[in-house]
2 protein chains.
Amino acid sequence: MKNFHSQFDFESELLFDALTPDEQKLVFNAMEPLSIKKGSLLFYEEGIPTGIFQIKKGKAKKFKRGFSGTEQIFYIYTPGDVLGYHALFGEERYQDSCEALEDLEVNFIAKDVFFKLLQDIPALQQTFIKNIGHEFGVLANIIAVLAQKNLNARLAINLLILENRFQKQDKKSGIDLTREDLANIIGTSSESLGRSLKQFKDEGIIEIEKRVIYLKNREQLLQLLKN
Amino acid sequence: MKNFHSQFDFESELLFDALTPDEQKLVFNAMEPLSIKKGSLLFYEEGIPTGIFQIKKGKAKKFKRGFSGTEQIFYIYTPGDVLGYHALFGEERYQDSCEALEDLEVNFIAKDVFFKLLQDIPALQQTFIKNIGHEFGVLANIIAVLAQKNLNARLAINLLILENRFQKQDKKSGIDLTREDLANIIGTSSESLGRSLKQFKDEGIIEIEKRVIYLKNREQLLQLLKN
DNA sequence: ATAAATATATAACATATGTTAAGTTTTTTA
DNA sequence: TAAAAAACTTAACATATGTTATATATTTAT
């Protein structure tokens, strides 16, 4: 198996890593700090692109609504992640919405400033487009999981993915999401999600405090992937 | 509802439409005709990109394998479609595989020739990247359907999508796919798919001859989307 | 053209998931 | 801080989907 997490992570926090120190300075100087309240949108489907964001603090969900209006979450962003650039290349509208799950601190680069950066740093555009290609593969993997795995396996996979992603910010932190949001990632109702969580809890695979989920037995979760 | 089909179609057959006649001539001159046998691969996951393809005749499936090795099909290409360009921008490996479902006739543009075209036709790169953005939205919509819809609704949606896509080539043609492939699009077993097909048949929504599916009542299929 | 292999159709049964409902805990608001 | 609202947990029941099995049709190879 190829690295498990790279199959499901956008890895946008690496976008600026390949730059020289001077180039990085150019990028960081272009950033303007912004505070965004829990529940408000960084951008929304069909909206006109304004620029790109890098999350400094907090979490955000990227989602799209199906015909029935139900929210389908397909990514949770955490600190370090860069987002909002798809729509800038190609001059189109946003394809999805992004909402702050808690109060956020972000660095914002306005559209025009970003285009200037692309001119000044030759390698940058290719890095971004390469990452869009990688993200495309991530979505294809998410499709495979949703189409092929039963509820417990989908939950297991997503618990592993989310713990890993959340730990980057905060060592040994648990998974703190509303049951509604977690259900909207996994593709089920919050009640069915609750049943699976209880099973996992009874088997000692996870522990729950308040609503925060802590993984206790990652081996057993990995076993579940085989279903 | 935004145009139903644009939510699920890559629309790559429109990529060269915006070009001037002269530019189009440049593109068409760069193409080299190729025959590909049923069952062989145009490209495969982790392979090194060689160029792009436009399908002249036949159908191809784009898929990815999950951990369990099960094939997840996330797109069926038909004549006019252009494919294989994601990996060329950004210099990466293919993220997925593409297999001929029948004997294909394609036009091929080799990597170097394609890059030359991008230099000679300024608008072309943006058009391609814009389309990758659109395709990203299509995958997100597919995720929403797989996560939120029950089997009959998923089948209904995909029958409407596939009929529309296949009709472009051949007026009033039916949907001719193996049950296995159709099940691997919809995210179920071929037996469960068979049960749903029988239900639809009994209700007069579809007719089946040999294995080819003909839609008889599109209204009723649209009703099913609400589930 | 025939036999063998593969794909399809269908049914019966087992299991997983959706749904409704009620009680409990946690968070938000006044 | 108390009251109200929202989120969570759990259970029982209904339904949808997975699975196994068998018969039939279609395609492929000889």
Side-chain angles (χ1 to χ4, degrees), chain A residues 37-40 61 66 68 70-73 101-103 145-158 174-203 206-214 224 226-227, chain B residues 37-39 61 66 68 70-73 101-103 145-158 174-203 205-214 224 226-227:
Chain A
K37 279 281 165 211
K38 173 174 175 173
S40 55
K61 64 177 172 184
S68 338
T70 322
E71 187 174 288
Q72 179 61 37
I73 299 174
L101 290 176
E102 31 195 281
D103 288 352
V145 168
L146 287 168
Q148 297 175 356
K149 300 296 178 182
N150 65 23
L151 180 49
N152 280 0
R154 297 202 301 276
L155 176 57
I157 291 172
N158 279 285
I175 296 161
D176 183 8
L177 288 172
T178 70
R179 294 295 172 261
E180 190 71 22
D181 280 342
L182 191 48
N184 286 343
I185 293 169
I186 286 172
T188 190
S189 63
S190 66
E191 296 91 338
S192 290
L193 168 62
R195 171 169 40 207
S196 289
L197 284 173
K198 181 168 159 48
Q199 276 176 41
F200 285 12
K201 212 167 42 177
D202 291 347
E203 295 173 38
I206 61 171
E207 275 177 16
I208 298 180
E209 282 173 38
K210 303 262 176 145
R211 73 172 180 199
V212 186
I213 302 166
Y214 299 90
L224 278 167
K226 291 175 183 160
N227 297 334
Chain B
K37 279 281 167 211
K38 174 176 176 174
K61 63 177 172 184
S68 338
T70 323
E71 187 174 286
Q72 179 59 37
I73 300 173
L101 290 175
E102 32 196 280
D103 288 352
V145 168
L146 287 169
Q148 297 175 356
K149 300 294 178 182
N150 65 22
L151 179 48
N152 280 0
R154 298 202 301 276
L155 176 56
I157 290 172
N158 279 284
I175 296 161
D176 183 10
L177 288 172
T178 70
R179 293 296 172 260
E180 190 72 23
D181 280 341
L182 191 48
N184 286 344
I185 293 170
I186 286 172
T188 191
S189 63
S190 65
E191 296 90 338
S192 291
L193 168 63
R195 170 169 40 207
S196 289
L197 284 173
K198 182 168 158 48
Q199 277 176 39
F200 285 11
K201 213 168 41 179
D202 291 347
E203 296 172 38
I205 301 177
I206 60 172
E207 274 177 16
I208 298 180
E209 280 172 40
K210 301 264 176 145
R211 72 171 180 200
V212 186
I213 302 166
Y214 298 90
L224 277 167
K226 291 175 183 159
N227 298 332

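Order of the sequence lines sets the chain letters (A, B, ...), proteins ahead of strands, with each chain counted from 1. This structure is a prediction, so every number in the text was calculated from the model and none was measured.
A:L224 has its CG atom 14 Å from the C1' atom of C:dA16, to the nearest Å. Whole-Å rounding puts the A:R211 CZ to C:dT24 C1' distance at 17 Å. Whole-Å rounding puts the A:L193 CG to C:dT17 P distance at 12 Å. For the pair B:L146 CG and D:dT17 C1', the computed distance is 15 Å after rounding to whole Å. Atom CG in B:N152 sits roughly 15 Å away from atom C1' in C:dT17 (whole-Å rounding). Between B:R195 atom CZ and C:dA16 atom C1' the separation is 12 Å, expressed in whole Å. Going from atom CZ of B:R154 over to atom C1' of D:dA16 covers 10 Å, rounded to whole Å. Look at CD on B:E209: it is 18 Å from C1' on C:dA7, rounded to the nearest Å.
Closest contact between the side chain of B:K198 and the listed nucleotides C:dG18, C:dA11, D:dT10 involves C:dA11. The side chain of A:I208 has D:dT9 as its nearest neighbour among C:dG18, C:dT17, D:dT9.
A salt bridge does not link B:K38 with B:D103: every distance from a Lys NZ or Arg NE/NH1/NH2 to an Asp or Glu carboxylate oxygen is 4.0 Å or more. Ionic pairing of B:E71 and B:K61 is present here: one or more N-O contacts between side-chain nitrogen and carboxylate oxygen are shorter than 4.0 angstrom.
A 4.5 Å side-chain heavy-atom check between A:T178 and A:L101 finds every atom pair outside the cut-off. Under the 4.5 Å side-chain criterion, counting only non-hydrogen atoms from C-beta, A:K201 is not in contact with A:E207. A 4.5 Å side-chain heavy-atom check between A:L155 and A:T188 finds every atom pair outside the cut-off.
For the atom pair CG of B:L197 and CD1 of B:I208, the computed distance is 5.0 Å after rounding to the nearest 0.5 Å. Atom NZ of residue A:K198 and atom CD1 of residue A:I206 lie 11.0 Å apart, to the nearest 0.5 angstrom.
Within residues 176-186 of chain B, no residue has any heavy atom closer than 4.0 Å to DNA chain D.
Applying the side-chain contact (heavy atoms from CB on, under 4.5 Å) test between B:R211 and each of B:I175, B:L177, B:D176 identifies B:D176 as the sole match.
Looking at A:Q148, its side chain does come within 3.5 Å of a backbone N or O of B:T70 through a donor-acceptor pair. A distance-only check finds a donor-acceptor pair linking the side chain of A:R154 to the backbone of A:K149 [under 3.5 Å].
Nearest heavy-atom pair across B:A183 and B:L193 is N-CD2, 3.6 Å.
Across all strands, B:T188 comes closer than 4.0 Å only to sugar-phosphate atoms, never to a base (heavy-atom distances).
Taking the C1' atoms of five terminal pairs at each end of the helix from C:dA1-D:dT30 to C:dA30-D:dT1, the two resulting helix axes are inclined by 60°, rounded to 10°.
Here B:K201 reaches the OP1 or OP2 of C:dT10: one of its side-chain N or O atoms lies under 4.0 Å away.
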If a protein heavy atom is under 4.0 Å from the base, mark B; if only from the sugar-phosphate, S; if neither, -; do that for nucleotides 20-30 of chain D going 5' to 3'.
-> B------S---
Would B:N152 and B:Q199 satisfy side chain to side chain donor-acceptor pair (under 3.5 Å), going step by step from the backbone distance to the final call?
-> CA-CA 9 Å; B:N152 280 0; B:Q199 277 176 39; 2.9 Å; yes
